[in-house]
Amino acid sequence: MFDNILIWFVVIPIAMMAGLGLCQNSGMKAIRAVMVVCSTVLLALAIWLCCDFLRLREMGVTDEMLFTGSWMWYAPLNIHLAVGVDGISVLMILLSAIIVFAGTFASWKINPLPKNFFLWYALLSTGVFGFFISIDIFTMFMFYEVALIPMYLLIGVWGTGRKEYSAMKLTLMLMGGSAFLMLGLLGIFWHSAPEGGQLTWNILEISHNASIDPNWQYMLFCFTFVGFGVLGAMFPFHTWSPDGHASAPTAVSMLHAGVLMKLGGYGCFRIAIFLLPQAANELAWIFIILTGISIVYGAFSACVQTDLKYINAYSSVSHCGMVLFAILMLNATAMTGAIMQMLSHGLMTALFFALIGMIYGRTHTRDIRQMGGLMRIMPYLGVCYMIAGFASLGLPGLSGFVAEMTIFFGAFQDADVFHRIFVICATAAIVITAVYILRVVGKLLLGPVQDDHHLTLTDATWFERLATVTLILCIAGIGCFPNWINEAINHSFTPIINALQASVF
């Protein structure tokens, strides 16, 4: 088992928790050492996995999944610990490792109970990595739940504002989505085998062998897409997201918006679209309407907020709506844009939340009406915030531009009036995004200083600079050199597109 590299993405966070358990709660040096070492190893392992994956693809290895392995877990229900990755999974693992690494430094001075905080943070990381490496639906769902459970305590204990309310709201709504998801996954399992065959949870076996009745597909597609869509902040199930983000501590906001919400888009893509292609072709239009509303509604809502975290939270609703919108276009170009948008949004929203946490830690306010002229006081943080804002509104040379342009090119391939109308509406959201980004930058960074006490504030420390530089380099790297992403995911869409085309006839 341990000779498979993917297993180590679960083993290392578990080792991280074990190491933290041996530390004294007041021993910050030991706690930080465990987190830095383990998060660095995870990042190095993710980079190595990505490079090795690209090398194998360049050598002509075209298997659906690479680095596969399967070990029996519970024989009566044929549940396996089955792992494997394609280009999409590899990129999501790399994104997760980058944000876990940056979040460690963004939480350098977390209080109170730093050991307990990082224990739950490591458990959340375990669930995220386990989800992306799993190709057994049951195991994937288990890791999905492991990733959700720590959110309640991380927000309820270490959050700010109405943290208990926000934690409860988030947990109840996501568990409600999990109930829908469980019904959908159980339905797929009970229809997973051809007549006389063995039932299986394995995604590849289901896609190759199962022939789910179309009438069942329609119901199961709704269950699974809504279940994952709740985590992807799809309208009208998005209301947990702004409150949860606003109350969460900095590193949790980074990991939640940057990675956890991507579980929703990834699940919709990997299970709802791939395993239920006929229903996807027939019912996609319903969810295109809902995701189109998410894009425009999220952008307009961000325009009227005054709290920095709420602005970024509603911005995330809009950008994550773009991911689901692109997936529902059901063509390779738009889906490529969806994966790029998942990477881009994950990095830039993590950068936003990191910067907001750093600014709040100094000014003790997130209300943009009470701030101004911060560019003169803390120029490094100001420049970083402007870079994050420019990435969000799609400035060429940064990740947001290549992601959104790929989505719009792919979405415009559907020539019917319905699709064109919603593509135009989604494109208009770019203008709305520019409005609220430029408004915030103007009020926050430019103009006169609103509070004389802010004149004594300091700029970023070394660990804050390390966290932000890591994210900025990745954002600029994707914006300037996007081809390697396309090479990584090139073969990942083939089986999905084939399944969608075959289901039409």
Side-chain angles (χ1 to χ4, degrees), residues 155 159-163 165-166 169-170 173-174 177 229-248 253-254 256-258 260-262 264-265 287-326 341-342 344-346 348-353 355-356 359-360 365-371 385 388-394 400 403-404 407 422-444:
I155 295 175
T160 57
R162 297 193 303 168
K163 57 185 182 180
Y165 165 80
S166 299
K169 182 178 182 179
L170 177 147
M173 291 201 69
L174 294 185
V230 171
L231 185 55
M234 182 179 69
F235 182 89
F237 310 106
H238 66 284
T239 56
W240 61 269
S241 179
D243 291 321
H245 288 324
S247 298
S253 292
M254 292 171 66
H256 190 193
L260 200 64
M261 292 178 74
K262 308 303 174 288
F287 295 97
I288 287 174
I289 294 173
L290 296 179
T291 54
I293 294 172
S294 293
I295 295 168
V296 178
Y297 167 81
F300 271 121
S301 297
C303 286
V304 299
Q305 303 299 318
T306 58
D307 185 300
L308 282 172
K309 275 201 169 184
Y310 272 102
I311 292 169
N312 198 37
Y314 279 107
S315 174
S316 292
V317 172
S318 179
H319 284 95
C320 288
M322 194 80 74
V323 171
L324 299 179
F325 180 80
Q341 178 73 349
M342 289 167 75
S344 173
H345 175 258
M348 69 187 183
T349 200
L351 179 59
F352 263 130
F353 278 121
L355 293 168
I356 291 168
I359 292 170
Y360 176 75
T365 181
R366 296 196 304 256
D367 192 333
I368 59 175
R369 295 169 297 183
Q370 299 177 19
M371 292 183 279
Y385 197 95
F390 292 149
S392 182
L393 59 82
E404 291 178 1
I407 288 174
F422 275 90
V423 173
I424 292 170
C425 292
T427 308
I430 297 177
V431 180
I432 308 170
T433 301
V435 170
Y436 67 76
I437 291 295
L438 296 176
R439 166 178 168 261
V440 172
V441 168
K443 285 185 173 292
L444 183 69

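Predicted model only: the values in this text are computed from it and were never measured. We number each residue from 1, following the sequence as shown.
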Is there a side-chain contact between [X] and [Y] in this structure, where contact means two heavy atoms from C-beta onward sitting under 4.5 Å apart?
| X | Y | value |
| --- | --- | --- |
| Met371 | Lys443 | no |
| Asn312 | Leu308 | no |
| Thr291 | Phe235 | no |
| Thr349 | Met261 | no |
| Tyr165 | Asp243 | yes |
| Lys309 | Ser253 | yes |
| Ile356 | Ile311 | no |
| Ser392 | His319 | yes |

Tell me the closest heavy-atom pair linking [X] and [Y], and the distance in Å.
| X | Y | result |
| --- | --- | --- |
| Gly232 | Leu324 | O-CD1, 4.2 Å |
| Ile155 | Ala248 | CG1-CB, 3.8 Å |
| Ala388 | Leu351 | CB-CD2, 3.7 Å |
| Tyr310 | Ala246 | CE1-CB, 3.4 Å |

Answer with yes or no after comparing the ring centroid distance for Phe352 and Tyr385 against a 6.0 Å cut-off, counting only values under it.
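Yes, ring centres under 6.0 Å apart.
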Out of curiosity, [X] [atom1] to [Y] [atom2], how far, rounded to the nearest 0.5 Å?
| X | Y | atom1 | atom2 | result |
| --- | --- | --- | --- | --- |
| Ile289 | Phe325 | CD1 | CZ | 11.0 Å |
| Cys320 | Leu231 | SG | CG | 8.5 Å |
| Leu355 | Met348 | CG | CE | 13.5 Å |
| Ile293 | Ile288 | CD1 | CD1 | 12.5 Å |

Would you please name every residue forming a side-chain contact (heavy atoms from CB on, under 4.5 Å) with Phe237, sequence neighbours left out?
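Scan of Phe237 (side-chain contact (heavy atoms from CB on, under 4.5 Å), adjacent residues dropped) gives Val226, Val230, Met234.
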Tell me, please, which residues at least two apart from Thr239 pass side-chain contact (heavy atoms from CB on, under 4.5 Å).
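side-chain contact (heavy atoms from CB on, under 4.5 Å) check on Thr239 returns Lys169, Met173.
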Applying ring-ring contact (aromatic ring centres under 6.0 Å, His included), name anything that partners Phe422, two or more places apart in sequence or on another chain.
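Scan of Phe422 (ring-ring contact (aromatic ring centres under 6.0 Å, His included), adjacent residues dropped) gives Phe418.
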Only pairs at least two apart or in different chains count here, so list each salt bridge (Lys or Arg N to Asp or Glu O under 4.0 Å) that has a residue in [range].
| range | result |
| --- | --- |
| residues 427-441 | none |
| residues 290-308 | Asp307-Arg366 |
| residues 313-325 | none |
| residues 312-322 | none |

In residues 295-306, what donor-acceptor pairs under 3.5 Å come from side-chain atoms, sequence neighbours left out?
unit_1: Ser301; atom_1: OG; unit_2: Tyr297; atom_2: O; d: 2.9
unit_1: Gln305; atom_1: NE2; unit_2: Ser301; atom_2: O; d: 3.3

What residues form a side chain to side chain donor-acceptor pair (under 3.5 Å) with [X], not counting sequence neighbours?
| X | result |
| --- | --- |
| Ser166 | Ser247 |
| Ser241 | His245 |
| Thr433 | none |
| His345 | Lys262, Ser316 |

Considering residues, nucleotides and ligands other than Lys163, do more than 12 of their heavy atoms fall under 6.0 Å from its NZ?
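Result for NZ/Lys163: enclosed.
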Test your reading of the model: is there a side-chain donor-acceptor pair from Ser318 to the backbone of Tyr314, 3.5 Å cut-off?
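Absent.
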Between Leu174 and Trp240, is the side-chain contact (heavy atoms from CB on, under 4.5 Å) condition met? List the steps.
CA-CA 8 Å; Leu174 294 185; Trp240 61 269; 3.8 Å; yes
